[in-house]
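Report on the structure given below.
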Amino acid sequence: MILRVENLSKVYKNGKGVKDVSFELKKGEILSILGPNGAGKTTTIKCIIGLRKASSGTITLNGNFSYLPEEKRLYRWAKVSQMIEITKGYVELNEEIALGILKDLKISLLEKIANLSHGQLTSLYLALTLSQKADLYVLDEPTWGLDPLSRSYVLEKIKEIALEGKSVLYTSHIVEDVEKTSDRVLIMKDGYILEDGYIDDIKEKYVTVRARKDEEVAGYLYKETSDERVYIIEREKAPPDHEPASFSMIVESIMRGDGK
Amino acid sequence: MKKEFLEMKVRFMLTLIVMISLFFLVMSLKNWGIEILEKNQADLSKFVGKGLLEKLKDWNFYIYSQWYGKNLGQFIPIIGIIFAFPLFSREIENGTIEYLLTRSKRCKVFTEKIFVSTLLLILSIVALCLLPLIYTIVPSIDFNTRYVPTLTIHAVIGSVIWYSVAVFLSVIYNDQVKPLVFSLAILAITTVLGMVKSLSFFNTYSYIMNAKNLAVEDILYSSISAVLIYTSFFTFKNREF
């Protein structure tokens with residue numbers, strides 16, 4: 001076990017935050033946190049890495065971590081090569097890996113940070129984060145703003161990390177990315193964990209049910225047409241005429257959170 | 001540490017260039033200034049004593065009054081503030097604080113920033129205080145360096161106290177404008193308050209420009225700086241980002 005979060009609560013002055021969040025992350029596992037904006041994903045991560053203080057609960061981290069923040073901001077006055085040198089001054093960095101990622105993502109070492117596009121900046125930040133020697137990689141929206149090719153490349157790199165026995169905790173808005181790479185997923189909304197499980201188990205757990213508009217169904221509303229409603233409900237509570245549900249349908253319905 | 005040097009480099013160099021240029025400008029304007037004052041001697045006598053003009057002709061008086069007493073002296077607190085106000089607030093405003101704090105311990109981040117900026121601040125203040133010493137090698141100028149060590153100590157302590165004020169404000173605010181504006185506002189307010197005799201210790205200018213040995217003030221201002229830096233460290237250590 002690399003990370004254990006027990007009953008974590010972080011409440012801000014406006015009453016928002018995360019409430020009673022508990023989960024574990026094993027060695028070599030990729031755990032994704034999915035949720036709409038304001039669900040508490042970033043707050044959870046920031047409490048884990050110490051940028052925010054938990055109101056209550058305990059966090060046990062067995063090892064060191066490497067962090068990619070949601071907002072990828074680096075020193076605008078520096079060049080890419082200088083940024084590598086600066087990072088080497090703080091952490092143990094595998095320069096070969098960093099240079100390899102930069103080469104693959106076509107980022108010039110001589111380019112000034114101020115001149116990089118959002119996607120290029122994310123790529124550079126990823127190169128610095130993924131090449132850092134760590135036991136846990138905490139990545140907040142690692143593929144946001146990347147083109148499809150770079151996105152696939154980064155997802156492959158994340159999988160490689162896990163194959164080397166390192167753990168990955170990452171947040172994303174892109175359900176397809178999560179399904180491709182993660183072992184386990186946490187679905188959060190309004191500061192609470194609504195679902196925690198292995199992706200295959202979650203897909204097995206839920207099915208699709210079509211119901212007339214006047215029928216009451218205890219499930220998550222997925223969509224509504226002129227004459228029927230489509231719900232995602234737990235298999236054991238579903239009538240026999242149910243249909244399979246895709247992972248994105250399940251996530252979307254739970255995140256919308258209507259009608260459970 | 002290297003990053004901190006790179007970030008401070010421009011501020012350090014610019015401060016030195018501007019202040020050294022000002023020094024040579026002030027020195028080169030000596031004769032011209034005296035000439036103008038001589039032409040307006042009648043009007044001048046209404047405002048200042050008769051001996052001022054004669055005193056200004058003396059290089060010793062001119063250097064001490066116009067460099068230590070006016071130009072450098074007035075800039076000392078401002079140089080301290082310039083070196084400190086962006087230290088933390090720029091990292092917070094630009095979002096790079098997350099990069100830093102997740103790659104280094106807070107204690108180390110704080111220590112490195114304070115060490116590098118204080119070192120460069122003291123270096124620049126000492127260099128600017130010792131600048132008039134170059135006139136000791138000019139045969140035609142008789143410059144007595146008797147007061148230079150005391151004025152240098154006062155300048156260093158005076159700059160560090162305003163540096164410490166700006167460091168504290170830099171830690172608590174999320175943008176760079178507030179630490180700068182509030183530091184300058186506090187400087188203005190304390191200077192005005194210091195004009196009241198019983199509150200004279202508030203006026204750091206009278207300390208910085210004073211050539212006498214002021215051990216009590218040395219200890220008082222150094223202690224205030226130490227308390228401010230420690231408070232800044234404690235605030236930074238416990239702050240959320």
Side-chain angles (χ1 to χ4, degrees), chain A residues 10-13 17 42-43 45-55 61 64-79 81-93 113-114 118 121-122 124-129 131-134 136-141 169, chain B residues 1-15 82-83 85-117 119-120 170-177 232-241:
Chain A
K10 170 68 189 173
V11 185
Y12 297 112
K13 281 177 187 165
T42 299
T43 297
I45 279 183
K46 285 193 172 183
C47 286
I48 292 169
I49 60 172
L51 288 176
R52 300 264 161 88
K53 285 188 174 173
S55 308
L61 177 60
N64 58 354
F65 69 87
S66 177
Y67 173 60
L68 176 85
E70 185 180 20
E71 289 188 36
K72 283 77 182 169
R73 308 270 192 88
L74 292 168
Y75 299 100
R76 291 174 61 81
W77 49 264
K79 286 180 181 169
S81 55
Q82 275 180 308
M83 208 57 238
I84 293 174
E85 286 305 311
I86 290 169
T87 308
K88 274 165 65 184
Y90 293 117
V91 292
E92 204 181 337
L93 200 74
I113 307 284
H118 175 69
L121 191 59
T122 303
L124 169 60
Y125 219 134
L126 274 162
L128 297 173
T129 309
S131 59
Q132 187 180 327
K133 288 177 184 169
L136 171 65
Y137 291 82
V138 183
L139 315 171
D140 202 348
E141 300 287 352
L169 172 66
Chain B
M1 194 88 86
K2 191 182 167 191
K3 179 192 86 69
E4 303 309 329
F5 271 109
L6 288 170
E7 284 199 316
M8 290 297 296
K9 194 176 65 182
V10 176
R11 237 173 306 162
F12 175 68
M13 296 302 288
L14 269 178
T15 304
I82 287 172
F83 271 66
F85 84 89
L87 271 185
F88 297 94
S89 58
R90 184 163 63 181
E91 301 269 11
I92 300 166
E93 187 179 74
N94 294 345
T96 47
I97 195 77
E98 291 193 357
Y99 164 87
L100 216 51
L101 294 184
T102 53
R103 281 161 180 82
S104 191
K105 287 194 163 68
R106 287 190 187 210
C107 179
K108 194 178 172 219
V109 170
F110 188 88
T111 313
E112 284 185 356
K113 278 188 176 292
I114 296 297
F115 175 75
V116 172
S117 54
L119 179 74
L120 294 180
S170 179
V171 167
I172 62 170
Y173 286 115
N174 292 335
D175 64 90
Q176 297 182 75
V177 178
S232 306
F233 170 67
F234 190 74
T235 310
F236 181 70
K237 205 172 155 225
N238 292 296
R239 222 201 114 151
E240 294 196 344
F241 294 98

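Being a predicted model, the structure only gives us computed values, none of them experimental.
Looking at A:Tyr75 and B:Asn94, their side chains never come closer than 4.5 Å, going by heavy atoms from C-beta outward. Looking at heavy atoms from C-beta onward, A:Tyr90 lies out of side-chain contact with B:Lys105 at the 4.5 angstrom threshold.
For the atom pair CD1 of A:Ile86 and OG1 of B:Thr96, the computed distance is 10.5 Å after rounding to the nearest 0.5 Å. Rounding to the nearest 0.5 Å gives a distance of 11.0 Å between CG of B:Leu100 and CG of A:Leu74. Atom NZ of A:Lys88 sits about 8.5 Å away from atom NZ of B:Lys2, to the nearest 0.5 Å.
Across A:Lys53 and B:Glu240, no two heavy atoms sit closer than the pair N-OE2, 2.8 Å.
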(request) Begin from the C-alpha positions of B:Thr102 and A:Phe65 and carry the test side chain to side chain contact (heavy atoms under 4.5 Å, CB included) through to its verdict. (result) CA-CA 8 Å; B:Thr102 53; A:Phe65 69 87; 3.9 Å; yes
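Chosen from B:Arg106, B:Arg90, B:Lys108, the residue pairing most often with chain A at heavy-atom distances under 4.5 Å is B:Arg106.
None of A:Met83, A:Lys72, A:Arg73 except one satisfies the side chain to side chain contact (heavy atoms under 4.5 Å, CB included) rule with B:Tyr99; the exception is A:Met83.
Within the 4.5 angstrom heavy-atom criterion, only side-chain atoms of A:Lys10, from C-beta onward, approach chain B.
A salt bridge links B:Glu98 to A:Lys46: at least one charged side-chain nitrogen sits closer than 4.0 Å to a carboxylate oxygen.
The environment of B:Phe115 atom CZ is sparse: at most 12 non-hydrogen atoms of other residues, nucleotides or ligands sit within 6.0 angstrom. When the shell of 6.0 Å around CZ of B:Phe234 is examined, it contains 12 or fewer heavy atoms from other residues, nucleotides or ligands.
B:Arg103 places a side-chain N or O within donor-acceptor distance of the main-chain N or O of A:Tyr67, the cut-off being under 3.5 Å.
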